[in-house]
Amino acid sequence: MPVPVPELGSYNFVPETKEDLDWADLITVDLSLYGTPEGNKQLAQTLIKAVREDGFFYVKNFNIPQERVNRQFAIGKQFYDLPLEEKLKYVPEGLDAGKFNGYVPAGRYILDQASGLRDRTEIYNIPKFNGDFTHEHTPLIQDRLTEIEEFARSLHSEVLDPLHVLLAIALELPEDYFLNIHKYDVKSEDHLRYMKYTKFTPEENIKIGKNWVKGHTDLGSWTLLFRQPVAALQIQNHKTGEWKWVKPQDATLTVNACDALSLLTANYVKSTIHRVSSPPKDQEHVDRLGLLYFSRPNNDVTLATIKESPVLQREGYTKNQFEETGNHVPTMEEWTFAKQKWQRTPNAIRGDEKHETAEILPGWREKSYA
């Protein structure tokens, strides 16, 4: 049951864009069908089609009321309204080495070397509540930590657990296969995130190519993105290379499959390239507040291709990039912090090929995307 807490006030979403954008036609996974053998079989086929073709999909009827989601947006907004000096108290020690729980300030990346324009993206990450992590937050967060924990745990029980069962069914694995490597009570680097993109002027957007965050993939299992109306997310089609906008859909989550699942399935499950563009003209004047959850396998999981899946064996997906090159296959913990250290490189310059194509682990070189 939702935990009663002091009133936060309402969170007002801005109007959706009226521009006719080139929207991606994404599959919807309807979890109201989940829970019966017939429903699960149908949903498993829907899910595997989504993660094979687009990598991104919508989830609806996930049993979390919109008012609870709105409260999380309200907490995020109030956090970013705090003075910078208060937020800076919660920058994690070891940020440059890949640590990421707590506050990550804007301005660490140079988006346009000629003008010196830097990113305006702020992040606040809250780790799992399973006893492996300390929770020392600003009073705004600390006073609402019980509510935040209840919300974060519900994302596992209501969204992630069903997705893991459905993926196992689709791969002809025991239904608890992915549940067993994503146990909440075992250490992993899952986290809830409040994320703010502060707007650029139209002139600044031109200087940075109307591209706030370059193309990239996410490092974990799934990313859950709650619906907010400022259009900015774009995904790249696996086959054509075309970029399309992702439309905010009422009462849905936008979900994408990520690198860990791609490694575990030798790229049978696609980790889709996506980017954050500057919003269309009728939304260019507003900041963009995001509410996300990042799911990751337990830290001790080795990211080797799953050998027990008859589907992967039949289809010939038997070796991932590390295995094909004969290199050490990392654990999820090794993978996470190698990626995070690279991502958190201070004063990295957009377009610096040495950084953007760095070898972060033996056998894995990053790629530069538009």
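Residues: numbered from 1 along the sequence shown.
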By ring pair (Phe, Tyr, Trp, His ring centres under 6.0 Å), Phe294 pairs with (sequence neighbours left out) His191
May I ask you to decide if His274's main-chain N or O and His216's side chain share a donor-acceptor pair within less than 3.5 Å? yes
May I ask you to check whether Lys41 and Thr36 show a side-chain donor-acceptor distance below 3.5 Å? no
Suppose clustering is done on Ile, Leu, Val, Met, Phe, Trp and Tyr with side-chain heavy atoms closer than 4.5 Å. Which residues sit in the same group as Ile206? none
Residue pairs, two or more places apart or on separate chains, that pass salt bridge (charged side-chain N to carboxylate O under 4.0 Å, His left out) and touch residues 359-370: Lys339-Glu366
Quick check: is Phe337 connected to Val186 through a chain of hydrophobic side chains (ILVMFWY, heavy atoms under 4.5 Å apart)? no
Should we count CG of Asp20 as having more than 12 external heavy atoms under 6.0 Å? no
Ring centroid separation for Tyr90 and Tyr103, is it under 6.0 angstrom? no
Any ion pair linking Lys99 and Glu93 (charged N to carboxylate O, less than 4.0 Å)? no
Under 3.5 Å, is there a donor on one side chain and an acceptor on the other for Thr217 and Asp259? yes
Is it true that the side chains of His238 and Thr272 contain a donor and an acceptor less than 3.5 Å apart? yes
Is the side chain of Thr28 donor-acceptor paired with the backbone N or O of Tyr58 at a distance under 3.5 Å, no angle test? no
Which word best sums up how the rings of Trp212 and Phe200 line up, parallel for under 30°, tilted for 30 to 60°, or perpendicular for over 60°? tilted
Quick one: which residue pairs count as a salt bridge (charged side-chain N to carboxylate O under 4.0 Å, His left out) with a foot in residues 165-184, not counting sequence neighbours? Glu172-Arg314
Within the 6.0 Å centroid threshold, strictly below: Phe79 and Tyr124: yes
Pair His328 + Phe322: ring centers closer than 6.0 Å: no
Listed partners of Lys341 passing salt bridge (charged side-chain N to carboxylate O under 4.0 Å, His left out), at least two apart: none
Compile the donor-acceptor pairs under 3.5 Å between side chains in residues 111-121 and protein atoms, sequence neighbours left out, one pair per line.
residue : atom : partner : partner atom : Å
Asp112  : OD2  : Ser115  : N            : 3.0
Asp112  : OD2  : Ser115  : OG           : 2.4
Ser115  : OG   : Leu117  : N            : 3.4
Arg118  : NH1  : Gly107  : O            : 2.8
Arg118  : NH1  : Asn347  : OD1          : 2.9
Arg118  : NH2  : Asn347  : OD1          : 3.0
Asp119  : OD1  : Gly107  : N            : 3.2
Asp119  : OD1  : Arg108  : N            : 2.9
Asp119  : OD1  : Tyr109  : N            : 2.8
Asp119  : OD2  : Gly107  : N            : 3.2
Asp119  : OD2  : Thr121  : N            : 3.1
Arg120  : NH1  : Lys199  : O            : 3.1
Arg120  : NH1  : Glu204  : OE1          : 2.9
Arg120  : NH2  : Glu204  : OE1          : 3.4
Arg120  : NH2  : Glu204  : OE2          : 2.9

Show me the pairs that pass salt bridge (charged side-chain N to carboxylate O under 4.0 Å, His left out) and involve residues 216-235, at least two apart or across chains. Glu16-Arg227, Arg227-Asp250
Donor-acceptor pair between Ser277 and Asn211 side chains, under 3.5 angstrom: no
Step by step, would you call Gln228 with Val14 a side-chain contact (heavy atoms from CB on, under 4.5 Å)? CA-CA 8 Å; Gln228 59 78 44; Val14 301; over 6 Å; no
Please confirm whether Phe73 and Tyr80 have ring centers closer than 6.0 angstrom. no
With sequence neighbours left out, what residues match Tyr184 under ring pair (Phe, Tyr, Trp, His ring centres under 6.0 Å)? His156
Identify, with sequence neighbours excluded, every residue that meets ring pair (Phe, Tyr, Trp, His ring centres under 6.0 Å) alongside His135. Phe129, His137
Before you tell me yes or no, could you show the steps for Phe226 and Phe151 under ring-ring contact (aromatic ring centres under 6.0 Å, His included), namely the whole-Å CA-CA distance, both residues' side-chain angles and the distance that decides it to 0.1 Å? CA-CA 13 Å; Phe226 283 87; Phe151 181 77; 5.6 Å; yes
Less than 3.5 Å apart, any donor N or O on the side chain of Asn61 or Asp30 sitting next to an acceptor on the other? yes
Find the distance between CG (Leu82) and NZ (Lys87) and round it off to the nearest 0.5 Å. 7.0 Å
Apart from Trp23 itself, what residues make up its hydrophobic cluster when side-chain heavy atoms of I, L, V, M, F, W and Y under 4.5 Å apart count as a link, directly or indirectly? Leu21, Trp245
State the CD-CG distance between Glu122 and Leu289, to the nearest 0.5 angstrom. 10.5 Å
Do the charged groups of Lys270 and Glu53 touch, with an N to O distance under 4.0 Å? no
Please round to the nearest 0.5 Å and tell me the distance separating atom CG of Leu167 and atom CG of Leu264. 9.5 Å
If a pair satisfies salt bridge (charged side-chain N to carboxylate O under 4.0 Å, His left out) and one of its residues is in residues 321-331, list it, with sequence neighbours excluded. Lys307-Glu323
Between Thr331 and Asp300, is a side chain to side chain donor-acceptor pair (under 3.5 Å) present by the stated rule, with each step listed? CA-CA 6 Å; Thr331 64; Asp300 60 357; over 6 Å; no
Separation between OG of Ser154 and CG of Leu160, rounded to the nearest 0.5 Å: 9.5 Å
Salt-bridge criterion met for Arg68 and Glu147 (N-O under 4.0 Å): no
Mark yes when over 12 heavy atoms from residues, nucleotides or ligands other than Asp25 sit less than 6.0 Å from its CG; otherwise mark no. no
Any heavy-atom pair between the side chains of Ile27 and Leu47 that's under 4.5 Å? no
Residues Arg296 and Asp190 bridged, charged N to O under 4.0 Å: no
Count the heavy atoms of every other residue, nucleotide or ligand shown that sit under 6.0 Å from NZ of Lys210, and state whether that count exceeds 12. no
Quick one: CD on Glu189 to CG on Asn299, what's the gap to the nearest 0.5 Å? 4.5 Å
Salt-bridge test for Lys207 and Glu203: reply yes if a basic N is under 4.0 Å from a carboxylate O, no otherwise. no
Connected via hydrophobic side-chain network under 4.5 Å: Leu145 and Leu140: yes
Pair Asn237, Glu242 - check side chain to side chain donor-acceptor pair (under 3.5 Å), show working. CA-CA 5 Å; Asn237 184 277; Glu242 291 180 303; over 6 Å; no
Could I get the full list of ring pair (Phe, Tyr, Trp, His ring centres under 6.0 Å) partners for Tyr34, not counting sequence neighbours? none
Interatomic spacing from OG in Ser221 to CG in Leu163 - rounded to 0.5 Å: 10.5 Å
Answer yes or no: is there an ion pair linking Lys128 with Asp132, defined by an N-O contact shorter than 4.0 Å? no
Glu150/Arg153 ion pair, N-O < 4.0 Å: no
With the 4.5 Å side-chain cut-off for hydrophobic clustering, are Leu292 and Val230 part of the same group? no
